[in-house]
Amino acid sequence: MSVERLTVSLESELADAVREAANAASLNVSAWMAQAAHRELSSRGLRDVIAEWEAAHGSFTEKELASARKALRS
């Protein structure tokens with residue numbers, strides 16, 4: 001796997017929170033940020049899939065959403 005170095009700028013309070021979260025997860029900041037980026041990209045892909053499905057089949061009902069929420073908590 002190749003690795004590329006990126007430089008990012010964050011507000012001081014956000015940078016502190018990232019450092020604390022990385023430390024709590026026993027990760028370095030780079031690993032924590034990589035995981036956060038993966039989660040965001042996965043979520044974005046899921047949002048796209050849901051939007052495509054709803055465009056073809058209509059919006060999910062409240063019952064369907066409640067069932068999905070329950071399954072995600074399990």
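Numbers here are sequence positions counted from 1.
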Can you check whether His38's main-chain N or O pairs, donor with acceptor, with Ser42's side chain at less than 3.5 Å? yes
Please identify each residue that fulfils side-chain hydrogen bond (donor to acceptor under 3.5 Å, both in side chains) with Glu64, with sequence neighbours left out. Thr61
Does Leu27 belong to the same Ile/Leu/Val/Met/Phe/Trp/Tyr cluster as Leu14, with side-chain heavy atoms less than 4.5 Å apart forming each link? yes
Distance col, row Lys70:NZ vs Leu72:CG, nearest 0.5 angstrom, shows 12.5 Å
Do Leu46 and Leu65 sit in one hydrophobic cluster, given that two such residues count as connected whenever their side-chain heavy atoms are within less than 4.5 Å of each other, even indirectly? yes
For Gly58 and Trp53, which heavy atoms make the closest approach, and how far apart are they? O-CZ3, 3.5 Å
Separation between CE (Met33) and CG (Asn28), nearest 0.5 Å, reads 11.5 Å
State whether the number of non-hydrogen atoms from other residues, nucleotides or ligands found under 6.0 Å of Glu40 atom CD is greater than 12. yes
Report yes if the side chains of Val3 and Arg5 come closer than 4.5 Å at any heavy-atom pair, otherwise no. no
Does the side-chain contact (heavy atoms from CB on, under 4.5 Å) test come out yes or no for Phe60 and Ile50, once each step is laid out? CA-CA 9 Å; Phe60 288 102; Ile50 290 169; 3.8 Å; yes
